J.: 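This structure is in C-alpha cells; I'll ask about it shortly.
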Amino acid sequence: MTILLTVLGILVFLAGLLFSIAWHELGHLSTAKFFGIRVPQYMVGFGPTIWSRKKGDTEYGLKAIPMGGFVRMIGMFPPGPDGRIEARSTSPWRSMIEDARSAAYEELEPGDEKRLFYTRAPWKRVIVMFAGPFMNLVLAAVIFISVAMGFGFQTQTTTVAGVQKCVISQSDKRDSCEKGDPVSPARAAGLKEGDKIVAFNGKPVDDWSTLSNLIRGTIGPATITVQRDGTERVLHATLAKNMVAAKDSDGQAVPDKYVPAGYLGFAASTEIIPLSFVDSVDRMGDMIGNGVESIIALPSKIPDLWSAAFGDGPRKDDSPVGVVGAARIGGEVLTLDIPAQNQIAMMLFLLAGFNLSLFLFNMLPLLPFDGGHVAGALWEALRRRLARLFKRPDPGPFDVARLMPVAYVVAGIFICFTLLVLVADVFNPVKIS
C-alpha cells in the first residue's frame with residue numbers, strides 16, 4: 001500500500017509539474033501571438049515527440065521527457081552586421097553565435113519579415129519574455145494564498161500543551177530533569193495543560209508571538225491570566241533567567257544559537273489556523289524573499305551537496321532539491337499518517353514552491369534564461385534612448401546572439417549543478433517524515 005501511495009504521489013506531482021510548464025509556455029505563446037510574432041512550435045517536455053497537433057501556424061505537442069518546455073519564435077536574434085544569417089566562420093565562439101542566429105530563421109516563410117521577434121519594440125519583447133515566469137508567479141500566488149486562507153498553517157497558540165517540571169537551559173539539549181534543577185516558574189505558579197493564556201502582566205495576548213516576546217523580556221515577578229474551565233484565573237509566577245533559542249527577524253528559532261532571556265517553562269499547543277488575505281499576501285512576500293536568499297546562497301550549498309551525493313555527509317533540510325527530489329517528496333506526502341486535507345495542502349504548497357522557483361530562476365538576467373532576453377531588450381531600449389538624447393544614429397537592435405558563448409557556459413554550469421542535485425536526490429534524498 002505504501003508503494004502504491006508513493007507512486008500515486010509522484011504521478012500527482014508530475015501532473016502538476018507538466019501543468020506548470022504548460023502554463024509558463026502559454027504566457028510566452030499568448031503574448032507573442034498578441035504582438036504578431038509567428039510561433040511555429042509550442043512544446044511541453046524535451047526529447048522525442050509523443051503527440052502533436054498543428055493548429056493555424058503553430059504545432060502544439062507533448063514530448064517524452066517532462067523536464068521543461070519551449071516555445072519557438074521566428075527571428076529571436078537579428079541578422080549579422082552584413083545582413084546574413086547563415087553560419088560562415090571557423091571560429092568556435094563565432095560559430096556558436098552564427099548557429100544560434102541561423103536556427104532562429106530556419107523556418108522562415110514568405111511574409112514572416114514582419115512577424116520576427118527582434119523587430120518588435122523592446123517593451124513588447126520584455127512582455128513576451130517576462131510573461132512565462134510571470135505566469136508561474138501568478139500560479140504560485142494563487143495556490144499559496146488559496147491554501148493559506150482556506151486551510152491555514154500549523155501555528156503555535158497561547159494554549160498550554162504541557163508544563164516543564166524544571167528549568168533546563170536549552171543549550172544543554174536534554175529533556176529530563178537532573179538533581180539540583182530548580183522547579184520551572186510555570187509549574188510553581190500552578191499553570192496546567194489546557195490553560196489558555198489571555199493576558200500577561202495585565203496585557204491582553206491572543207497570539208504566540210506576542211506572548212513569547214513578553215515572556216522573553218520579563219525576568220522576575222509576573223501575573224498570568226488564564227482561562228480554565230470557562231473561568232479566568234490570575235496566576236503569579238517568578239520568571240527565571242535562562243538560555244533559550246535565539247530568534248531571527250521572522251521570529252523563527254536560530255539553530256545552535258542561544259541567548260539569555262526570561263523563562264516560564266511550558267509548551268504551546270499548535271493548531272491549523274487559516275490566515276486572512278492580508279496575512280496570506282504578507283506570508284507570500286516572505287516566501288519570495290526566502291526564495292531569493294536561497295538562490296543567492298546556492299553556491300555555498302555545493303560543498304554540502306557534494307558530500308551528501310558522493311560522501312557520507314547528511315542531506316540537510318535546506319539542501320537544494322531538483323525535480324526528482326520534489327517528486328519523491330510528493331510521493332512521501334501521500335504516505336504520511338495525516339488527514340487527507342493535510343496531504344492535499346502539503347502537495348499544493350509543494351507545487352506553489354516549485355512554481356516560485358521557476359519564476360526566480362527564469363528571471364536571472366543571464367541567457368539562456370528568460371531574464372537574459374529581458375535584460376537584452378532593456379539594454380537595447382536604454383542605448384536607443386541615449387542615442388536619441390545625444391542625437392546620435394540609432395544603434396539598431398541589440399544582438400543577443402553575441403551572448404551565446406556566455407549562454408553555453410551558464411547552461412553548462414546549470415546542467416552540472418542539476419546533475420549533482422539529481423545524484424543527491426536519488427541516493428541521499430531530502431525526507432519530510
Side-chain angles (χ1 to χ4, degrees), residues 145 147-170 174-177 181-254 258-283 286 336-342 345-346 349:
I145 293 174
V147 178
M149 294 179 64
F151 181 76
F153 287 96
Q154 194 84 15
T155 306
Q156 286 182 296
T157 69
T158 61
T159 300
V160 178
V163 178
Q164 305 294 336
K165 294 181 179 179
C166 60
V167 177
I168 302 175
S169 173
Q170 292 183 5
R174 60 183 172 90
D175 297 323
S176 58
C177 296
D181 290 337
V183 176
S184 74
R187 186 177 180 87
L191 197 65
K192 294 183 178 181
E193 180 180 347
D195 285 350
K196 181 178 181 180
I197 300 175
V198 295
F200 185 87
N201 272 342
K203 182 178 181 179
V205 291
D206 57 7
D207 66 272
W208 168 248
S209 178
T210 300
L211 176 60
S212 175
N213 290 334
L214 289 173
I215 293 173
R216 284 170 166 260
T218 303
I219 298 174
T223 58
I224 306 166
T225 306
V226 302
Q227 284 185 349
R228 182 186 299 171
D229 298 330
T231 61
E232 286 193 359
R233 302 186 183 191
V234 178
L235 307 178
H236 297 272
T238 302
L239 274 65
K241 183 178 181 180
N242 194 20
M243 295 299 294
V244 299
K247 288 185 177 182
D248 59 21
S249 58
D250 296 324
Q252 302 299 316
V254 179
Y258 305 93
V259 295
Y263 178 79
L264 183 55
F266 75 96
S269 66
T270 59
E271 295 179 11
I272 296 177
I273 301 176
L275 303 183
S276 66
F277 177 75
V278 173
D279 288 341
S280 299
V281 172
D282 184 61
R283 187 71 71 91
D286 292 340
L336 297 177
D337 186 20
I338 56 177
Q341 62 179 9
N342 295 43
M346 290 182 69
F349 277 133

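Bear in mind the structure is a predicted one, so any value in this text is a computation, not a measurement.
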J.: I'd like to check the side-chain contact (heavy atoms from CB on, under 4.5 Å) partners of Val198; sequence neighbours left out, ordered by chain and number.
T.: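 Result, side-chain contact (heavy atoms from CB on, under 4.5 Å) vs Val198: Lys196, Thr225, Gln227, Glu232.
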
J.: Phe151: what forms a ring-ring contact (aromatic ring centres under 6.0 Å, His included) with it, not counting sequence neighbours?
T.: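 With sequence neighbours excluded, Phe151 shows a ring-ring contact (aromatic ring centres under 6.0 Å, His included) to no residue whatsoever.
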
J.: Who pairs with Arg233 by salt bridge (charged side-chain N to carboxylate O under 4.0 Å, His left out), at least two apart in sequence or on another chain?
T.: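 Once residues adjacent in sequence are excluded, Arg233 has no partner under the salt bridge (charged side-chain N to carboxylate O under 4.0 Å, His left out) criterion.
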
J.: Is there side-chain contact between Ile224 and Leu264, with heavy atoms separated by less than 4.5 Å?
T.: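 Counting from C-beta outward, Ile224 and Leu264 do come under 4.5 Å.
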
J.: For Val167 versus Ala240, what's the shortest heavy-atom pair and its separation?
T.: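 Heavy-atom minimum between the residues: CG2-CB, 4.4 Å.
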
J.: Excluding sequence neighbours, so at least two apart, what forms side chain to side chain donor-acceptor pair (under 3.5 Å) with Gln156?
T.: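 For Gln156, the residues satisfying side chain to side chain donor-acceptor pair (under 3.5 Å) (neighbours in sequence not counted) are Trp208.
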
J.: Just jot down the side chain to side chain donor-acceptor pair (under 3.5 Å) partners of Asn342, sequence neighbours excluded, or say none.
T.: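 Scan of Asn342 (side chain to side chain donor-acceptor pair (under 3.5 Å), adjacent residues dropped) gives none.
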
J.: Hey, can you pull the donor-acceptor pairs under 3.5 Å for the side chains in residues 181-194, sequence neighbours left out?
T.:
residue : atom : partner : partner atom : Å
Asp181  : OD1  : Arg174  : NH2          : 3.4
Asp181  : OD2  : Arg174  : NH1          : 3.1
Asp181  : OD2  : Arg174  : NH2          : 3.3
Asp181  : OD2  : Glu178  : N            : 2.7
Ser184  : OG   : Gln164  : O            : 2.5
Ser184  : OG   : Arg187  : N            : 3.2

J.: Sort and list the pairs that fulfil side chain to side chain donor-acceptor pair (under 3.5 Å) and have at least one residue in residues 211-222, not counting sequence neighbours.
T.: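 Qualifying pairs: Ser212-Lys247.
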
J.: Could you list the residues that satisfy side chain to side chain donor-acceptor pair (under 3.5 Å) with Thr155, not counting sequence neighbours?
T.: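 Checked Thr155 against side chain to side chain donor-acceptor pair (under 3.5 Å); zero matches.
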
J.: Any side chain to side chain donor-acceptor pair (under 3.5 Å) pairs touching residues 258-283, not counting sequence neighbours?
T.: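 Found Gln154-Thr270, Thr157-Ser269, Ser276-Asp279.
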
J.: What are the two closest heavy atoms between Val163 and Val160, and how far apart are they?
T.: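 Of all heavy-atom pairs spanning Val163 and Val160, the closest is CG2-CG1, 3.9 Å.
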
J.: Begin from the C-alpha positions of Phe266 and Ile197 and carry the test side chain to side chain contact (heavy atoms under 4.5 Å, CB included) through to its verdict.
T.: CA-CA 11 Å; Phe266 75 96; Ile197 300 175; 3.8 Å; yes

J.: Suppose we screen for ring-ring contact (aromatic ring centres under 6.0 Å, His included). Which residues come up paired with Phe349, at least two apart in sequence or across chains?
T.: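 Phe349 satisfies ring-ring contact (aromatic ring centres under 6.0 Å, His included) with Phe144, Phe153 only.
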
J.: Of all heavy-atom pairs between Val205 and Ala199, which one has the smallest distance, and what is that distance?
T.: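 So the minimum-distance heavy-atom pair works out to CG2-N, 3.8 Å.
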
J.: With Thr223, which residues qualify under side chain to side chain donor-acceptor pair (under 3.5 Å), at least two apart?
T.: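 For Thr223 there are no side chain to side chain donor-acceptor pair (under 3.5 Å) partners, ignoring immediate neighbours.
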
J.: Give me each pair satisfying ring pair (Phe, Tyr, Trp, His ring centres under 6.0 Å) with a member in residues 212-244, each pair once, sequence neighbours excluded.
T.: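 Passing the test, one end in residues 212-244: no pairs.
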
J.: When you measure from the side chain of Asn242 to the backbone of Val244, do you find a donor-acceptor pair of N or O atoms at a distance under 3.5 Å?
T.: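 Such a contact is absent between Asn242 side chain and Val244 backbone.
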
